[in-house]
Amino acid sequence: MDDAFARSIPEVLDFFGVDPTKGLSDTQVVQHGRLYGENVLHEDQRAPFWKLVLKQFDDLLVKILIAAALISFILALINGETGLMAFLEPSVILMILAANAAVGVITETNAEKALEELRAYQADVATVLRNGCFSILPATELVPGDIVEVSVGCKIPADMKMIEMLSNEVRVDQAILTGESSSVEKELTTITATNAVYQDKTNILFSGTVVVAGRARAVVVGVGPNTAMGSIRDSMLRTEDEVTPLKKKLDEFGTFLAKVIAGICVLVWIVNIGHFRDPSHGGFVHGAIHYFKIAVALAVAAIPEGLPAVVTTCLALGTKRMARLNAIVRSLPSVETLGCTTVICSDKTGTLTTNMMSVAKICVVETAKSSPFVTEYGVSGTTYAPEGRIFDKEGLQLDIPAQSQCLLHMAMCSALCNESTLQYNPDKGKYEKIGESTEVALRVLVEKVGLPGFNSMPSALNMLSKHERASYCNHYWEEQFRKLDVLDFSRDRKMMSVLCSRNQLHVLFSKGAPESIISKCTTILCNGDGSVMPLTADIRAELDSKFNSFAGKETLRCLALALKWMPSVQQTLSIDDEKDLTFIGLAGMLDPPRDEVRNAMLSCMTAGIRVIVVTGDNKSTAESLCRKIGAFDHMIDFTEHSYTASEFEELPAIQQTIALQRMALFTRVEPSHKRMLVEALQHQNEVVAMTGDGVNDAPALKKADIGIAMGSGTAVAKSASDMVLADDNFASIVAAVAEGRAIYNNTKQFIRYMISSNIGEVVCIFVAAVLGIPDTLAPVQLLWVNLVTDGLPATAIGFNKQDSDVMKVKPRKVNEAVVTGWLFFRYLVIGAYVGLATVAGFIWWFVYADSGPKLPYTELMNFDTCPTRETTYPCTIFEDRHPSTVAMTVLVVVEMFNALNNLSENQSLLVIPPWSNLWLVGSIILTMLLHILILYVRPLSVLFSVTPLSWADWMAVLYLSLPVIMIDEVLKFFSRNPSSGWRFRLWFRRSDLLPKREVRDK
């Protein structure tokens, strides 16, 4: 029943055919069960495990690698090869791909835990009226029409409409559903509002929420998937994970690279068709197979197999640094996504604020003799910790607040007319509340006022342990006075009173809504001398004015406190006693903004990031907070920047688009609005970060480009998120964004490094094939270079230091290429040199090396005809491992020098020296040690088809490798001075050589 909130109680009861005094009969229960279904959130059918595994291989580069591995395997079988060497290359490739697939499957399995944890918010049992009798039944057996009784502490078992109040009031904590900072008062009144949101439906008890005050009876109107919690689950099931910007660019690059690889492989094969019949191959077919193997080796060389592992490692290193900033990353790609975030949709309660109600201002009557009669005090401290000071209207601190009569009596009243508890939790290291937030705020005020008669107050209190300090002053007043009777808060009176006695003196203390308390007061307590004076019309008018200022302009939640001296024989209270009260003071409280949020907001504006405050609270309260934290600082008029959910929905489509571009505050929202906001912003090509802590936030967290859950939030929100804030602090998000930008810059550097290295390998194989010389590198040697020598330095590049201006530039565009046109040209040049130097090392050994055969170059080019003619050298010389070892070593060393080039995109090594990143220096040393290990240690040298090198060989390697630094220094100079390099840049004016796509596929 979707509109139960708008129907009267008799209408709803008639709809389900239920008698509120007897409940449903057994027959009706069976009928309703068939008609409406079970009160269970059924588990959605998951994709089979084998489908999850296959999904990890749905990538073009991965498919090419699989094809290369299978072809290598088949060719080895065709050629009759046996032993470890024959199948080493395909085995290594498949092992790498299997490891990547395992990581992907684990990530996807963890992501679906949110749906399971949602069921934890369903109640286990319910007190149900059936056949005229109450019984406790499993909540899963409830059906629409059941009459259920709920009381304090009960978790609501289904969506229900209130039909009877069994106490003065019923209050429910529905923060997990709506995000409201305080409990909500429920009532029996029918709701007439159109487009009512959850916050408006004050006669409905929502499944999964908790009763914090009162007792009531209600009729079930929705079960299982037809509840508010069920709609959240459906929304999560409809949400598909967004692809991160880096993943998109890598996918595009993969597609581009795959086409280039295919083209080059075919070209190499075609160029060598004339060599298919060479006698050394033993026939046309064997020649075709030989050059097909070369084409496969080329594919292996071109694809950076280590790239996924290195990207994952670099992002993981970033997560460690972010964890130190209290940002715990659950999804690795989200680290990079932070770097291009353009909009942060932030919860108000608990993220921008402390989510700890505290008294901020106090108003008392100073004197009744002359105007102005009232005076104001400020109270510092924004948490439940009993730490803070009280200041007068001039801003001067009160040394002993308890010497002021009104403050002293406010402390008494706040301590005694209070049902809450404040305690210290040593495990969490913070003060916690039990009970209503407003009452706990008064408890904390008592501690800040201190006690009378001690000149060392309040410094003496700081000597206590935190456990004792939590309620020391409150306990003092509770020991001084004995409670005799209590009049609980009721909706019609809007106040609470308690009768206390002390040394035969009986006093009534009252607290409540200012309009109720002040109307019952006839006298006032003067703060100056402690005298009691009549409450005149002028004083009343000034108090009303101050109350309106607190509640209106400053949006403080106000409570008035009063007392009355009672006869010493009176032991009980009645409502008639709540009159002729003496006004003590007015306390204005708020959920205060965090101290560091204002600077974080300023950082966002400087970095070009827009912040939209999203909350379930009312508009005026949220606007007041936004003014305090600086969200409206750059706006002259914020009327077009602040909308309630209803106001936004009523706008025409075009105006909604304009409103989204200006929006800074979105209030009175429910779960569907948050998800709608994320989708709408994404349609405008924004990269959206969404914060949340409740079950209600889960669909939006999952839909956002990066979902950020609060550490104190629900398990559902955390499971649906990409990142968890351990300290619930908005400032930590901003720090994480800066770290995300730095991580992307470093990621970009090592991707470029790997691209240039792989271009070198491709050029090496391609040039060797075109020149007709023997294979310079074996496939297993290429794998070694790609995985070990590329991987370690590339990972170390991730430790490059964060730029000082990282938060002074606008977010990068989502479609910005990882490799731009000019950079692609630069790395083509570097890659070409790497490849040519490798081939040169191979040729050097045959033609010039003292340890080599010193063959004429023409002999090297005609190596394949050696068996068919007479030569002065044995044909087995072309199977010697020395030349490929020299070539492989040149490739390794030149790539180590190239790693140093990537300390900065454009800065010279003279400006940013190698020791600025000691991790990179260490990785280069380790890589060289590993390379030396395989050269000089058997059986590794046999496994990789290499042999030890002489000192002369090493000198040749250095001479061929070192120029790569000089070449890149020249290219960096042209990058720093565009006017000097206009000839080079003329052909590369396009910002991107990679194929462009739409930013989002919708």
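Within a 6.0 Å radius of CZ in Arg482, other residues, nucleotides and ligands contribute 12 heavy atoms or fewer. Dense packing is recorded around NZ of Lys483, with more than 12 heavy atoms of other residues, nucleotides or ligands lying under 6.0 Å away.
Smallest separation of non-hydrogen atoms from Val364 and Ile362: CG1-CG2, 3.9 Å. Closest approach of Val444 to Thr383, counting heavy atoms only: CG1-O, 4.3 Å. Pairing each heavy atom of Pro593 with each of Lys628, the nearest pair is CG-CB, 4.3 Å. Considering all non-hydrogen atoms of both residues, Arg540 and Ser519 come closest at NH1-CA, 3.9 Å. For the pair Met605 and Gly630, the tightest heavy-atom approach, listed with the atom from each and the gap, is CE-O, 3.1 Å. In plain terms, the two heavy atoms of Gly707 and Ser721 that are nearest each other are O-CB, 3.4 Å.
Ser545 contributes no side-chain N or O that, together with a main-chain N or O of Ala541, makes up a donor-acceptor pair within less than 3.5 Å. Side chain of Asn503 to main chain of Leu505: no donor-acceptor pair is present (N/O by atom type, distance under 3.5 Å, no hydrogens or angles). A donor-acceptor pair under 3.5 Å is formed between the side chain of Ser603 and the backbone N or O of Asn599. Side chain of Asn418 to main chain of Ser414: a donor-acceptor pair is present (N/O by atom type, distance under 3.5 Å, no hydrogens or angles). Of the possible donor and acceptor atoms, none in the side chain of Arg502 sits under 3.5 Å from a partner among the backbone N and O of Trp477. A donor-acceptor contact shorter than 3.5 Å is absent between the side chain of Lys393 and the backbone of Thr375. For Arg594 (side chain) and Glu596 (main-chain N/O), no donor-acceptor pair under 3.5 Å exists by modelled atom type.
Between the CD1 atom of Ile524 and the CZ atom of Phe583 there is a distance of 9.0 Å, given to the nearest 0.5 Å. To the nearest 0.5 Å, the span separating CG on Leu665 from NZ on Lys348 amounts to 10.0 Å. Note that OG of Ser549 and CG of Asp544 are 12.5 Å apart. Values are rounded to the nearest 0.5 Å. Between atom OG of residue Ser497 and atom NZ of residue Lys511 there is a gap of 9.0 Å, rounded to the nearest 0.5 Å. To the nearest 0.5 Å, the span separating OG on Ser471 from CZ on Arg443 amounts to 6.5 Å. One distance of note links CG of Leu559 with CE of Met496; it measures 11.5 Å at 0.5 Å rounding.
Taking Lys466 as the reference, Tyr424, Tyr431 meet the side chain to side chain contact (heavy atoms under 4.5 Å, CB included) condition, with sequence neighbours excluded. Applying the side chain to side chain contact (heavy atoms under 4.5 Å, CB included) test to Glu542 and every residue at least two apart in sequence or in another chain returns Ser371, Pro372, Phe373, Val374. Listed by chain and residue number, Glu623, Ser642, Thr644, Glu647, Thr667 satisfy the side chain to side chain contact (heavy atoms under 4.5 Å, CB included) test with Lys619 (two or more places apart in sequence, or in another chain).
Thr522 places none of its side-chain heavy atoms less than 4.5 Å from the side chain of Leu535. In this structure, the side chains of Tyr377 and Ser404 come closer than 4.5 Å at one or more pairs of heavy atoms. With contacts defined as side-chain heavy-atom distances shorter than 4.5 Å, the pair Val210/Val172 does not qualify. Phe730 has its side chain out of reach of Thr691: every pair of non-hydrogen atoms, C-beta onward, lies at least 4.5 Å apart. Within the 4.5 Å cutoff, no side-chain heavy atoms of Cys526 are placed close to those of Thr367. For the pair Val449/Val446, no side-chain contact is recorded, criterion being any heavy-atom separation below 4.5 Å from C-beta on.
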Practice item. Tell me, with the steps shown, if Val613 and Phe666 meet side-chain contact (heavy atoms from CB on, under 4.5 Å). Key: CA-CA 6 Å; Val613 179; Phe666 198 35; over 6 Å; no

Practice item. Before giving the answer on side-chain contact (heavy atoms from CB on, under 4.5 Å), spell out for Arg557 and Thr438 the whole-Å C-alpha distance, their side-chain angles and the decisive distance to 0.1 Å. Key: CA-CA 9 Å; Arg557 182 171 296 177; Thr438 51; 3.6 Å; yes

Practice item. Start with the C-alpha gap between Phe550 and Cys363, add the side-chain angles, then the distance that decides, and say whether side-chain contact (heavy atoms from CB on, under 4.5 Å) holds. Key: CA-CA 9 Å; Phe550 277 10; Cys363 169; 4.0 Å; yes

Exercise for review: Quick one: do Arg469 and Glu387 satisfy salt bridge (charged side-chain N to carboxylate O under 4.0 Å, His left out)? Show the steps, please.
Suggested key: CA-CA 10 Å; Arg469 180 70 189 91; Glu387 301 157 0; over 6 Å; no

Exercise for review: Decide side-chain contact (heavy atoms from CB on, under 4.5 Å) for Thr615 and Val669; before the verdict, give the C-alpha distance in whole Å, the side-chain angles of both, and the deciding distance to 0.1 Å.
Suggested key: CA-CA 6 Å; Thr615 178; Val669 300; 5.8 Å; no

Practice item. Show your working on salt bridge (charged side-chain N to carboxylate O under 4.0 Å, His left out) between Glu578 and Lys494 and close with a plain yes or no. Key: CA-CA 12 Å; Glu578 293 179 326; Lys494 293 185 180 179; over 6 Å; no

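No side-chain N or O of Asp485 forms a donor-acceptor pair with one of Gln570 less than 3.5 Å apart. Glu447 and Asn474 are linked by a side-chain donor-acceptor pair at a separation below 3.5 angstrom, with hydrogens and angles left out of the test. Using a 3.5 Å distance cut-off with no hydrogens or angles, the side chains of Glu187 and Thr202 do pair a donor with an acceptor. Side-chain contact, Asn425 with Glu432: a donor N or O sits under 3.5 Å from an acceptor N or O. If you check the side chains of Thr523 and Thr582, you find a donor sitting under 3.5 Å from an acceptor.
With respect to Glu439 and Lys433, no salt bridge is recorded, no charged nitrogen being found less than 4.0 Å from a carboxylate O. Salt bridge Lys674/Asp347: present, at least one basic N to carboxylate O contact under 4.0 Å. Checked for salt-bridge contact, Lys186 and Glu169 miss the test: no charged N lies under 4.0 Å from a carboxylate O.
Taking the six-membered ring for Trp and the full ring otherwise, the centers of Tyr198 and Phe206 sit less than 6.0 Å from each other.
The side chain to side chain contact (heavy atoms under 4.5 Å, CB included) test with Thr382 singles out one residue from Asp591, Asp595, Leu590, Thr353, and that residue is Asp595.
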